[in-house]
*Asks:* 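Please find one structure pasted underneath; my questions will follow.
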2 protein chains.
Amino acid sequence: MSTPSAPRTARDFARIELTRLILANARAQLAEVGPGELSVRQIARELGMASSAVYRYFPSRDHLITALLIECYDESGEAVEAAERAVPKAQLARRWGATAHALRDWALVNRHEYALLYGSPVPGYAAPQDTIGPAARVPAVFLGLVADAEERGVPLPSPHAPVPRKEKASLAPIADMVGRPIGDERLVRAMMTWPLLVGQISLELFGHLYRGVLDYDAHFAHLVDRAALDLGFR
Amino acid sequence: MSTPSAPRTARDFARIELTRLILANARAQLAEVGPGELSVRQIARELGMASSAVYRYFPSRDHLITALLIECYDESGEAVEAAERAVPKAQLARRWGATAHALRDWALVNRHEYALLYGSPVPGYAAPQDTIGPAARVPAVFLGLVADAEERGVPLPSPHAPVPRKEKASLAPIADMVGRPIGDERLVRAMMTWPLLVGQISLELFGHLYRGVLDYDAHFAHLVDRAALDLGFR
DNA sequence: CAGAACCGAGAGCGGTGCTCTCGTTTCGTT
DNA sequence: AACGAAACGAGAGCACCGCTCTCGGTTCTG
C-alpha cells in the first residue's frame, strides 16, 4: 500500500532500504529480548537515528510487530516447506517427520520468534488479515500431507471412533480450506495432531513443566512417530 | 520467610492484609490487561498509596507476578480438582472429561491468567521453585486418573507401538513423580494427551488459527472423547 | 522553478519500574 | 516507661518507554 510496487526515485530506494534495515534490526533484537520488550528507541539507537524517524516507516510499534510476525511466519513456513520438499513424495512418514522436526528445530533456534507466533498475543493486539496467509503455511504443509494420504487411499489404523454431526459441521470449513478431499476420520486425527505438535513445542520452550526432567529430543521424536502411526503414514 | 507464620502485632495484621489487597488488585487488573501490561503504579493508584509503598510488600514487579502465578496455578488446580472430585471414582471417562473441560472453562473465563500460566514467559523471567508445586496440581489430577486406570487394569486399545529405550529412560522420572506404577504404553499416551490438551486450549485462546471458523466447543468435546478412548477410559 | 511532499532531529508528554531519602509510627528490649 | 531499631508511607527523581509535534532541510513533481 504505502510501499511503491516499483522503486522509481532515489528516495524510494532509500525508503525500502531503511525499512529493511529497521525490520532487520528489530529481528536481531528479537533474538535476545522477546516480543514484549522490543524497543523502537533501541532500534533507532542502533541505527544511529532519532526514534521519531522510525515512525516515518512504521506508524506504530504494533505495525512493526505485525511486519515481524509476517516475516517469521514466512521464515518458519519456508523452513518447514524446504524440509518437507527434500523428502521423496512417496515417503509419507518421513515427510511428516521432516515437517514436524523442522518446526521444532526452527522454534528452538528462534525461541522469541516462536513465542511471537504461537505464544500469548502481545498487548490488546489483534493480528490483521495480512498475517493469516503466511500463518497458514505450516499447517498447509501438514494438511497437504494428510490430503496426499487420503488421495493414495492409505488406511487409518483402528479404532475408528464415530464423528458426531457437530464435529463434522465444524470441520467442513477446514476441509474446504484445504481444497482437497479428506475423510472425516482422517481430518479429525489431523486436527488433533496439530495442537499436539504446537502444544509439545510450547511446553518445551516455555518450560512450564518437566524442565530438566524430560529428554525433550527423545520424547518429541517418539511423539512424532506415534502421530505418524495414528495418521497411517506408515 | 519474610511473612511471619503467625501474625502477632497490629502491624503484622496490617501487613498481610495489605499484601492481600495488593495481590487482589493485581489479580483484578489481570482480568483486563494481560500479564505484560500489569502496572505497579496502577495498583498503587487504585489503592490510594504511593507506588514506592508497594515495594515494601513486593520487592519487584516480578515477585508480584510470581505470587500471581502461584495463586493462579492454585486456583486452576482447585477448579480442576473440584470438577474431578464431583464425579464417582469408578467412572474414569467422566472424571477425565470433567478434568479437561474444567481446565478449558477456567481458561476461557480467565484468559490472561491462562496466558500467564501456559503462554510465553514474561521477560527474561525464570519461574522460581515455589511455583513448581502448584504448577503440578493440574497435571497431577490427570496423571492420577491414568494411575487409577493402571491400578484397575483397564486395557488400552490397540495399536500398541513399541516404546524405544530412550523414551523409556526419559519417562522414568515422570513415573517416579507420580509415585504409582504406570505402564510404559499408558504413560506415553498420557504424555501425549497433556500437550494435546494445553495445545488445543492455547490455540483457541490465543486465536492463532481457525479464528471464527472452527466450533471450538464441539471440537474440544470431541477431542476429549477421543483422548478418553485412547487412554482406555471407556 | 515553484510548490508539494517527504525526511530526520529534537523537544516534549504521559507513562513505566525502581531507588533513595525523609519524617513518622510502631515494635521489642531494657 | 523510655530508647533504639525496624518498618512504614510519601515524595522526588532516574532512566527508560511509545508516541506526537514542530521545524528546517532535502527531494521529487508538475
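Just so it is clear: chains get the letters A, B, ... in the order the sequence lines come, proteins before strands, and each one is counted from 1. Computed over heavy atoms, backbone and side chain alike; hydrogens, waters and symmetry mates excluded.
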*Asks:* Mind calculating the distance between CD (A:Q29) and P (D:dC16) to the nearest angstrom?
*Replies:* 14 Å
*Asks:* Run the side chain to side chain donor-acceptor pair (under 3.5 Å) test against B:R56 and tell me which residues pass, sequence neighbours left out.
*Replies:*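 With neighbours one apart ignored, the set is empty.
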*Asks:* Measure the distance from CD1 on B:I22 to C1' on D:dC8 and round it to the nearest whole Å.
*Replies:* 12 Å
*Asks:* Can you give one letter per nucleotide of nucleotides 22-30 of chain C, 5' to 3': B if a protein heavy atom sits under 4.0 Å from the base, S if only from the sugar-phosphate, - if neither?
*Replies:* ---BBSS--
*Asks:* With distance as the sole criterion, is a donor-acceptor pair present between the side chains of B:T66 and B:H63 under 3.5 Å?
*Replies:* no
*Asks:* For A:I16 and C:dC7, give me the distance from atom CD1 to atom C1', rounded to whole Å.
*Replies:* 17 Å
*Asks:* Would you mind writing out the side-chain donor-acceptor pairs for residues 44-52 of chain B within the sub-3.5 Å range, not counting sequence neighbours?
*Replies:*
{"unit_1": "B:R45", "atom_1": "NH1", "unit_2": "B:Q42", "atom_2": "OE1", "d": "2.5"}
{"unit_1": "B:E46", "atom_1": "OE1", "unit_2": "B:Q42", "atom_2": "NE2", "d": "2.7"}

*Asks:* How would you list, by chain and number, every residue that makes a side chain to side chain donor-acceptor pair (under 3.5 Å) with A:R111, sequence neighbours excluded?
*Replies:* none
*Asks:* Just how far, in rounded Å, is P of C:dT16 from CD of B:E46?
*Replies:* 12 Å
*Asks:* Where along residues 47-55 of chain B does a heavy atom come under 4.0 Å from DNA chain D, residue by residue in number order?
*Replies:* B:M49, B:A50, B:S52, B:A53
*Asks:* Please list every donor-acceptor pair under 3.5 Å in which a side-chain atom of residues 71-78 of chain A meets a protein atom from a residue at least two apart or in another chain.
*Replies:*
{"unit_1": "A:Y73", "atom_1": "OH", "unit_2": "A:L117", "atom_2": "O", "d": "3.4"}
{"unit_1": "A:D74", "atom_1": "OD1", "unit_2": "A:R137", "atom_2": "NH1", "d": "2.8"}
{"unit_1": "A:E75", "atom_1": "OE1", "unit_2": "A:R27", "atom_2": "NH1", "d": "2.6"}
{"unit_1": "A:E75", "atom_1": "OE2", "unit_2": "A:R27", "atom_2": "NH2", "d": "3.2"}
{"unit_1": "A:E75", "atom_1": "OE2", "unit_2": "A:W106", "atom_2": "NE1", "d": "3.0"}
{"unit_1": "A:S76", "atom_1": "OG", "unit_2": "A:C72", "atom_2": "O", "d": "3.1"}
{"unit_1": "A:S76", "atom_1": "OG", "unit_2": "A:Y73", "atom_2": "O", "d": "3.0"}
{"unit_1": "A:E78", "atom_1": "OE1", "unit_2": "A:R137", "atom_2": "NH2", "d": "3.3"}

*Asks:* State, with a plain yes or no, whether a side-chain heavy atom of B:F58 is found less than 4.5 Å away from one of B:I22.
*Replies:* yes
*Asks:* How would you label the contact of B:L18 with the nucleic acid (heavy atoms, under 4.0 Å): base, sugar-phosphate, or nothing?
*Replies:*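 B:L18: backbone/sugar contact only, no base atoms under 4.0 Å.
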*Asks:* Looking only at side-chain N and O atoms, does A:R15 come under 4.0 Å of OP1 or OP2 in C:dA5?
*Replies:*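 For C:dA5, neither OP1 nor OP2 has a side-chain N or O of A:R15 closer than 4.0 Å.
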*Asks:* Taking only residues two or more places apart in sequence, or in another chain, which ones meet A:D217 in a side chain to side chain donor-acceptor pair (under 3.5 Å)?
*Replies:* A:R104
*Asks:* Rounded to the nearest Å, what distance is computed from the CD atom of residue B:E37 to the C1' atom of nucleotide D:dC17?
*Replies:* 13 Å
*Asks:* Once side chain to side chain donor-acceptor pair (under 3.5 Å) is applied, what residue pairs with a partner in residues 190-203 of chain B remain, sequence neighbours excluded?
*Replies:* B:Y114-B:S202
*Asks:* Between atom CG in B:L38 and atom P in C:dG15, what is the gap in whole Å?
*Replies:* 17 Å
*Asks:* Whole-Å distance between C:dT16 P and A:Q42 CD?
*Replies:*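 From A:Q42 CD to C:dT16 P: 22 Å.
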*Asks:* Which is true for B:Y57 with a 4.0 Å heavy-atom rule: it touches a base, it touches only sugar-phosphate, or it touches nothing?
*Replies:* sugar-phosphate
*Asks:* Taking only N and O in the side chain of B:R41, is any of them less than 4.0 Å away from OP1 or OP2 of D:dG11?
*Replies:*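 So the side-chain polar atoms of B:R41 never come under 4.0 Å of the phosphate oxygens OP1 or OP2 of D:dG11.
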*Asks:* Tell me every residue that passes side chain to side chain donor-acceptor pair (under 3.5 Å) with B:D230, counting only those two or more places apart in sequence or in another chain.
*Replies:* B:R189
*Asks:* Rounded to the Å, how far apart are A:I43 CD1 and D:dG18 C1'?
*Replies:*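 These atoms are roughly 12 Å apart.
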